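What follows is one structure encoded as structure tokens, with my remarks underneath.
Computed from heavy atoms alone, side chains included, the values below leave out hydrogens, waters and symmetry copies. The chains referred to below are lettered A, B, ... by the order of the sequence lines, with proteins before strands, and numbering in each begins at 1. Since the model is a prediction, treat every value here as computed from it, not as a measurement.
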2 protein chains.
Amino acid sequence: MADPEGTERTTIQDVAAAAGVSVSAVSKVLRGAYGVSPQMRTRVTAAIDRLGYRPHTGARAMRGRTYTVGVVLVELTSPFQTEVAKGISDALEDTSYQDILVTAGATPERQKSRIEALLDRHVDGLVLIAPWIEVAWIEKIAQALPVVAVALHGTPRNFDTVVDDERLGAQLMVDHLVAAGHRQIAHTSAPRAAFEDTFVLSHTARRQGYEQAMRSHGLRPDVIETWLSEEGGHQAAQQAFDRARPPTAIFAGADIAAFGVLRAAEERGLRVPEDVSVAGYDNIYTSTINRVSLTTVDQSGHGTGAESIRLLLERIEGRAQPRQFVVSPHLVTRRTTTAPSGTGISNRGRTV
Amino acid sequence: MADPEGTERTTIQDVAAAAGVSVSAVSKVLRGAYGVSPQMRTRVTAAIDRLGYRPHTGARAMRGRTYTVGVVLVELTSPFQTEVAKGISDALEDTSYQDILVTAGATPERQKSRIEALLDRHVDGLVLIAPWIEVAWIEKIAQALPVVAVALHGTPRNFDTVVDDERLGAQLMVDHLVAAGHRQIAHTSAPRAAFEDTFVLSHTARRQGYEQAMRSHGLRPDVIETWLSEEGGHQAAQQAFDRARPPTAIFAGADIAAFGVLRAAEERGLRVPEDVSVAGYDNIYTSTINRVSLTTVDQSGHGTGAESIRLLLERIEGRAQPRQFVVSPHLVTRRTTTAPSGTGISNRGRTV
DNA sequence: CTGAAAGCGCTAACAA
DNA sequence: TTGTTAGCGCTTTCAG
């Protein structure tokens, strides 16, 4: 009656007994540690296979590693973040580590508590995707375990970062629109988070890139600050269209916001791209389908995830100096942008 | 020098010392167990807060619960699955449990190994979203811990299920198309998985619903078996359009496949819905945007997730009889379906 | 109602 | 190269 369910786990003891060796020998084989003879390894491995033994992560966590990487993302509905997460999973595929994901929402409190939950589980390392937290807090936990942050621009002391060069990406888009003949190009963005000073998040980096690129073309930046959501894009576009001289192109800070812009345009009876050009940033799946064909900027989420794991594993192996990796964005021109028309809403004002 | 990093964790011992009580007292307060006086509770709680103590999940796992629910999904890029996962997270919000996610891919081997990794972490329960595994295997692990499967149709012995009534959903769509005047309605589906006999997955349930509904209208079912992906939908549509008498409507087994159908139609110069009606199933985000406006069937992923947690917590509390919960789908008619035209590809053949 | 102590399955010093 | 053993931080009997 000791085991009514018949599901007692095989332990390292069982393996040791079955192989006729000590538990520490098994432990060493398990971890690939030094000081095991080939025949010992074979015997133990055989016993492990025969018994179908798998180590208890919790027990391991008490002394050593859990061989687990914690991944924190804001939400599952963000295509870019999930692509990064996929890149992480794939990169971990042929290592001895596994990833567990956790969604945290966009509030610092929830994010911190979810990260703490991961610390409670003694993960060996952490990848934070677009963390919405004061950097000082991240620095603190990064003193205790390896951390890589994705989409956080800045130069941290205790952790690594992987970022898309979003300033460049924004510039590519502005250049594209200017080359097509646009001079009134609005940009939709989101409010700067309170903690963004020496560190900035994606939307702020994009905005900075946009502003700089506009100035370099001798144009006046026109930022409409709402939110990088469908609704936010819709509101921003309404504001833009209500102006006396509406922009001939709207460069949304994210594809999702661009969809809101498209909706607003449709509601006003404006044709895209004939009456107004619309562009986004992220190149999410929806943008690729033929009926949408949004001009946008692509940043490889998958590559970003893979790179973050490369850095994280280096840290787990002992590296302490911070590293930053920058991935290059590229422009994807599709069917929502074209030259401004000479009629309708346009940049006619220049002839005055 | 015992703590060079200054990051030694506070343990239950520290809390006990700070509160001037025993560790077992702290443990009881932690777990809300019986036999603690109010003043004991207050003292301990105060000490916990003061020290910022959080229990070590691994240590807990050695004896009791981890207060962790493992969620397994096929991939992050499936909007329905991530919505279920969100429903799960939200439902767990005001419980003492937390969820960790793991992606498993569509092969039984990987799925099993990811589930085992969760078992190694001693999760208290498991939610499997659209598991692609022999049910016998699930039954076995479900003997050892609470399990809920989502989108698996059948009557398990040891675990619960939450499913959308996909047969009904498919019927709603067929009824809609027939009411619009269509009589040649093709359905795209995927091969039946090897393990689907007494249990079936979503695509098979949808197909069954489609076939039954067609027959009930006196129509001949026309299933094109490819894969429920964009590419699969594209191939299926090409096959359909190549027929001597092409269907006037294509009901894809999933929205994502419907996008492939739309692409194939565009390539042939067929207008949707004038020349051919196209419908999907899932009501994913992309389908909702104005430029796409796909007619589809909605199943509440969020509600599904919430319900799965309700059932799982019941099981964790001790229920053993299996339960099944069915959520109701509803039709969402948008702009990709209409009456068949009398010209072009149509159901003209009837006049023969 | 409270506390002492055993032990969960591992890892890592240390001994042999 | 191998084995012995002391914990890791909790939970859970079992005494008091």
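Each of C/dG3, D/dC10, C/dC10 was ranked by its minimum atom distance to the side chain of B/R60; first place goes to D/dC10. Checking C/dG9, C/dT11, C/dA5 against every side-chain atom of A/A59, the shortest atom distance belongs to C/dG9. Taking only side-chain atoms of B/R63, from C-beta outward, the nucleotide of D/dT12, D/dG3, C/dT11 with the closest atom is D/dT12. In the set D/dT11, D/dC8, D/dG3, the nucleotide with an atom closest to the side chain of B/L30 is D/dT11. Of all nucleotides listed (C/dG3, C/dC10, C/dT2), C/dT2 comes nearest to the side chain of B/V36. Nearest to the side-chain atoms of B/S37 among the listed nucleotides C/dC1, D/dT5, D/dG9 stands C/dC1.
The closest side-chain donor-acceptor pair between B/D99 and B/S89 falls under 3.5 angstrom. Side-chain polar atoms of A/E75 and A/T77 form a donor-acceptor pair below 3.5 angstrom. Donor-acceptor pairing under 3.5 Å is recorded for the side chains of B/R65 and B/Y97. Using modelled atom types, one finds a donor on one side chain and an acceptor on the other under 3.5 Å when comparing A/H302 with A/D90.
Side-chain atoms of B/S22 stay outside donor-acceptor range of the base of C/dT2, with no qualifying N/O pair under 3.5 Å.
Toward the 5' end of DNA chain D, the nearer of the two residues A/G35 and A/V23, judged by each one's closest nucleotide, is A/G35.
Counting non-hydrogen atoms under 4.0 angstrom, B/S27 reaches a base of the nucleic acid.
One finds no side-chain N or O of B/Y34 lying less than 4.0 angstrom from the OP1 or OP2 phosphate oxygen of C/dT2.
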